[in-house]
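Below: one structure, written as structure tokens.
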Amino acid sequence: MHRFHYVGNSLHCESVELAAVARLYGTPTYVYSAATVEDNYRRLAGSLDGLDVQVCYAMKANSSLALLRLFANLGAAFDVVSGGELRRVLAAGAKVNRSVFAGVGKTEAEIRFALESGIFALHAESEPELARINHVAGQLGRKAAVGIRVNPDVDARTHAKITTGKSENKFGIPLKFAAAAYAAAAKLPHLELKGVQMHIGSQLTEVGPFVEAVEKIAPLARQLQRDFGITYFSLGGGIGVVYQDALASGAAAWWDALPADRRPITPEAYGAALKPLLQPLGLKLLLEPGRFMVGNAGVLLSRVEYLKRGQGKNFLILDAAMNDLVRPAMYDAYHEIVPLQRDTSRRALMADIVGPICESGDCFATDRTVQELGEGEYVAFLSAGAYGHVMAGRYNSRPMPAEVLVRGSSFELVNARESFEQMVAGERVPAWLK
Ligand code: LLP
């Protein structure tokens with residue numbers, strides 16, 4: 001469920017007319033709904049009701065300082081994957097003492113920074129990393145709390161580029177070597193073994209793979225609790241959002257009308273399936289959702305530059321491009337694209353919806369049917385709140401897009417569009433070229 005809907009014929013985010021945002025701040029601009037984030041947080045945090053749960057928002061999905069602060073206010077901690085993300089949490093005015101640090105390639109400097117900042121635990125992904133964490137903690141004269149990411153070799157049945165829990169993926173220590181890795185880590189003097197971690201992939205649409213992974217790891221978790229006194233089990237993230245029917249899925253009625261076996265995963269179904277497996281363990285549970293928290297809480301606004309009628313093909317050319325939203329080019333991802341001003345009297349147009357970047361891959365949708373649109377009209381890409389702005393770049397010297405946060409009937413620019421001066425601030429032409 002989300003708060004993007006038509007009021008009459010104009011698309012709104014909560015009580016804000018999106019065309020007004022586009023006119024004021026220009027396009028491409030990301031717009032986020034605070035109420036949708038809050039709903040998502042509360043639903044997921046409550047999904048394992050009765051168990052000891054800490055949500056560590058996977059901020060890689062959207063690390064806007066404003067959203068980080070919103071999450072901190074809700075009681076969330078964070079799942080960070082770099083020194084930069086850690087600095088963002090601190091810059092947003094949040095603490096990191098309930099947060100975790102993931103990733104296969106943590107540098108010594110990042111480990112030191114995390115320990116000095118008081119991170120709750122580092123999630124180690126290999127034996128050499130455990131040795132490095134031990135070394136850095138020793139230099140600081142303290143113990144480092146760690147969890148080991150275990151790779152359960154489960155097929156998450158999602159896109160190959162976002163599957164992480166198969167043995168051929170670079171992540172975690174294989175389940176069959178995990179007990180030995182813990183035993184070896186227990187001998188390192190500056191480590192404190194605190195937990196076990198898994199993350200099998202992203203944009204999962206069914207609970208089956210989560211159940212399979214937890215069933216595989218639960219016996220190990222029991223053993224680690226007994227042998228090393230671990231206190232938590234981090235279940236990772238991965239709950240998917242609706243992309244195909246994104247607009248309709250904002251309404252409860254859309255979910256209610258679907259037969260249970262065709263309904264995409266919900267926090268309630270996730271909780272119901274996992275609770276019986278997790279409750280007997282008696283461990284604290286960490287959830288690391290990224291996409292579920294923010295995916296359907298954001299849209300990307302863009303302006304139509306041209307409708308080009310080609311030979312047997314129409315091209316709707318927008319001012320947003322693959323540098324602003326790379327998911328379609330990178331993962332063949334589907335994003336629903338809707339007009340900000342709906343006009344049912346217009347003819348339908350079948351077109352490729354593309355950006356202005358000079359390569360054919362800069363295409364958001366092929367043979368998509370939308371209402372006929374012309375220069376100066378606006379569209380919104382739905383379900384663009386996760387892995388949208390964070391994956392944006394500057395290809396073709398296009399500035400980083402702006403970000404706006406809506407709450408109720410008010411909205412605020414939370415990240416200004418990048419200026420040309422900011423874009424080239426670090427660059428120099430050497431004197432010998434002048
Ligand atoms: N925890 C760990 C250890 C992760 O690696 C990830 C995501 C998450 C949590 C959060 O997963 P989520 O709840 O968002 O599915 N850029 C891709 C998605 C990459 C996900 C990487 N890891 C996309 O746009 O689809």
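Start at 1 and go down the list; that is how both ligands and their atoms are numbered. Computed from a prediction, not measured in an experiment: that's the story for all the values here.
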Is the contact between Glu288 and ligand 1 made by the side chain, the backbone, both, or neither, using heavy atoms and a 4.0 Å cut-off?
both
I'd like to know whether Glu108 forms a side chain to side chain donor-acceptor pair (under 3.5 Å) with Gln139, so could you lay out the CA-CA distance, the side-chain angles of the two residues, the decisive distance to 0.1 Å, and finally the verdict.
CA-CA 11 Å; Glu108 279 201 15; Gln139 285 179 331; 5.0 Å; no
Hey, is Tyr331 one of the residues with a heavy atom under 4.0 angstrom from ligand 1?
yes
Nearest heavy atoms of Ser63 and Leu68, plus distance in Å
O-CD1, 3.7 Å
Would one find an N or O of Arg291, backbone or side chain, under 3.5 Å from an N or O of ligand 1?
yes
Donor-acceptor pairs are to be reported for all side-chain atoms of residues 272-281 against protein atoms at under 3.5 Å, with residues two or more places apart or in another chain.
| from | atom 1 | to | atom 2 | distance (Å) |
| --- | --- | --- | --- | --- |
| Lys275 | NZ | Asp49 | O | 2.5 |

Side-chain atoms of residues 240-261: list all donor-acceptor pairs with protein atoms under 3.5 Å, sequence neighbours left out, distances to 0.1 Å.
| from | atom 1 | to | atom 2 | distance (Å) |
| --- | --- | --- | --- | --- |
| Tyr243 | OH | Arg291 | NH1 | 2.8 |
| Asp245 | OD2 | Trp254 | NE1 | 3.4 |
| Ser249 | OG | Ala246 | O | 2.8 |
| Trp255 | NE1 | Ser249 | O | 2.9 |

Any N or O on Ala61 sitting closer than 3.5 Å to an N or O of ligand 1?
no
Basic-acidic side-chain contact under 4.0 Å: Asp153, Lys216:
no
Does His123 have a non-hydrogen atom less than 4.0 Å from ligand 1?
no
Heteroatom distance test (Tyr387, ligand 1): nitrogen or oxygen, under 3.5 angstrom:
yes
Check whether more than 12 heavy atoms from other residues, nucleotides or ligands sit under 6.0 Å from atom NZ of Lys95, and answer yes or no.
no
Proximity to ligand 1 by part of Asp79, non-hydrogen separation under 4.0 Å
side chain
Kindly confirm or rule out an N or O of Gly290 lying under 3.5 angstrom from an N or O of ligand 1.
yes
Asp324 and salt bridge (charged side-chain N to carboxylate O under 4.0 Å, His left out): which single residue from Arg398, Arg303, Arg417 fits?
Arg398
State if Met330 counts as touching ligand 1 under the rule of any non-hydrogen atom under 4.0 Å.
no
In ligand 1, which numbered atoms sit nearer than 4.0 Å to a non-hydrogen atom of Ala58?
8 (C), 9 (C), 10 (C)
Would you say Met293 touches ligand 1, if touching means a heavy atom closer than 4.0 Å?
no
